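In what follows, a structure is listed as structure tokens, so that the remarks can point back to it.
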Amino acid sequence: MSLGTQGAIPEGAQDNNPDVEAQWAVQAGKHMETYWNILEKVKGSSLRLTKFDDDIYAHFKKDFPEIDVGSKLDQDALKSMEGKERWRTFMEEYKNTVDDYNFGTMLRDSPKVEYGPDTTMMSVRMQFYAIEIARNREGHNDWIYDKAHGN
């Protein structure tokens, strides 16, 4: 089983294959580091992650009004059977428009903290986009830029 050239987690990879997990971790780590570096250089509130940010934000707010992106995420709710199904339905709408929509990545559980072992969870790229676009739009990530620039 291979992660593929783009880093997508293939269906059926739930068997915890060590090679797949290692390849996924490398890709997710690169994505995490790149995103943090961007947030240090550009205020999140002026950042666009995709050319579909407006649509993703509106769709996310409509389908997940209970998620407060300014607070710590409820991982149990996100990963419950109902939560997974809701996210799967949400993601499928971007299958043909957002590249790498189902790739594995890392997501901070709170916009108030840096990435770390106790503050980071696994997610798929579309979930990352939805939550981080909302955090950026609402100004929750601007502190990262401010801290990097001594403000």
Side-chain angles (χ1 to χ4, degrees), residues 1-57 59-61 64 67-79 83-84 87-88 90-151:
M1 184 182 310
S2 167
L3 193 61
T5 58
Q6 296 292 320
I9 299 174
E11 281 194 44
Q14 300 86 350
D15 61 357
N16 297 329
N17 181 310
D19 292 337
V20 171
E21 287 183 3
Q23 291 174 351
W24 174 85
V26 168
Q27 292 299 320
K30 286 179 184 176
H31 179 259
M32 183 174 64
E33 183 178 345
T34 299
Y35 183 57
W36 190 262
N37 289 337
I38 290 169
L39 288 173
E40 288 182 324
K41 291 175 181 51
V42 179
K43 278 198 177 218
S45 56
S46 62
L47 181 63
R48 292 187 65 84
L49 298 181
T50 76
K51 60 185 175 181
F52 306 105
D53 281 14
D54 295 338
D55 296 332
I56 293 168
Y57 181 69
H59 185 192
F60 170 70
K61 295 306 269 184
F64 297 95
I67 296 179
D68 176 4
V69 297
S71 298
K72 186 172 181 176
L73 298 173
D74 181 349
Q75 290 189 44
D76 292 334
L78 292 174
K79 296 180 180 195
K84 287 179 182 180
W87 279 104
R88 191 174 298 115
F90 177 88
M91 287 173 43
E92 282 304 305
E93 293 197 31
Y94 300 94
K95 182 177 179 174
N96 297 316
T97 55
V98 175
D99 292 338
D100 309 334
Y101 80 104
N102 65 344
F103 282 26
T105 194
M106 303 301 286
L107 177 65
R108 292 174 298 140
D109 64 7
S110 170
K112 299 172 184 163
V113 297
E114 297 185 24
Y115 285 103
D118 297 326
T119 61
T120 306
M121 61 187 210
M122 297 184 304
S123 73
V124 289
R125 187 72 53 92
M126 202 60 228
Q127 190 175 43
F128 168 87
Y129 280 147
I131 291 169
E132 288 297 328
I133 287 167
R135 286 174 173 172
N136 289 338
R137 291 274 170 105
E138 297 170 17
H140 300 298
N141 285 332
D142 285 353
W143 71 270
I144 299 163
Y145 174 88
D146 293 340
K147 180 180 176 187
H149 294 270
N151 298 336

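Source: prediction; values computed, not measured. Computed over heavy atoms, backbone and side chain alike; hydrogens, waters and symmetry mates excluded.
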Main-chain N/O of Gly44 paired with Asp142 side-chain donor or acceptor, under 3.5 Å: yes
Nearest atoms (heavy-atom pairs only) where Gly104 meets Ala28: O-CB, 4.4 Å
Evaluation steps, side-chain contact (heavy atoms from CB on, under 4.5 Å), between Glu40 and Asn37: CA-CA 5 Å; Glu40 288 182 324; Asn37 289 337; 3.8 Å; yes
NZ/NE/NH1/NH2 to OD/OE distance under 4.0 Å, Asp54 and Arg137: yes
Test log, rule side-chain contact (heavy atoms from CB on, under 4.5 Å), inputs Arg125 and Tyr94: CA-CA 11 Å; Arg125 187 72 53 92; Tyr94 300 94; over 6 Å; no
Pairwise distance OG1(Thr105) to CD(Glu132) - rounded to 0.5 angstrom: 9.5 Å
Rounded distance [0.5 Å steps], CG in Asp55 versus CG in Asp53: 9.0 Å
Test side-chain hydrogen bond (donor to acceptor under 3.5 Å, both in side chains) applied to Arg108 and Thr120, Asn141, Thr119, the passing residue: Asn141
Side-chain donor/acceptor of Asp100 to backbone N/O of Phe103, under 3.5 Å: no
Backbone of His140 reached by a side-chain donor or acceptor of Arg135 within 3.5 Å: no
Ring geometry between Trp36 and Trp143 (parallel below 30°, tilted from 30 to 60°, perpendicular above 60°): perpendicular
Minimum heavy-atom distance Lys41-Tyr145, with the two atoms named: O-CE1, 3.4 Å
Minimum heavy-atom distance Asp68-Ser71, with the two atoms named: OD2-OG, 2.8 Å
Residue pair Ile131, Phe60: steps toward the side-chain contact (heavy atoms from CB on, under 4.5 Å) verdict: CA-CA 8 Å; Ile131 291 169; Phe60 170 70; 4.1 Å; yes
Phe64 and Phe90 aromatic centres sub-6.0 Å: yes
Shortest non-hydrogen contact from Gly70 toward Lys112: O-CE, 3.2 Å
Side chain to side chain, Leu39 and Asn136, heavy atoms closer than 4.5 Å: yes
Nearest-0.5 Å distance, CD1 of residue Ile38 to CD of residue Glu33: 11.0 Å
Minimum heavy-atom distance Ser46-Val42, with the two atoms named: OG-CG1, 3.6 Å
Ile67 and Leu78, any side-chain heavy atoms less than 4.5 Å apart: yes
Close side-chain approach of Lys51 and Thr97, heavy atoms under 4.5 Å: no
Value rounded to 0.5 Å, distance of CG in Leu73 from CE in Met121: 5.0 Å
From Asp99 atom CG to Phe52 atom CZ, the distance as rounded to the nearest 0.5 Å: 8.0 Å
Heavy atoms from other residues, nucleotides or ligands near CE of Met122 exceed 12 (cutoff 6.0 Å): no
Near-ring test Tyr35/Phe128, centroid separation under 6.0 angstrom: yes
Within 6.0 Å of NZ in Lys84, more than 12 heavy atoms from elsewhere: no
Inter-residue atom distance Lys79.NZ - Gln127.CD, 0.5 Å rounding: 8.0 Å
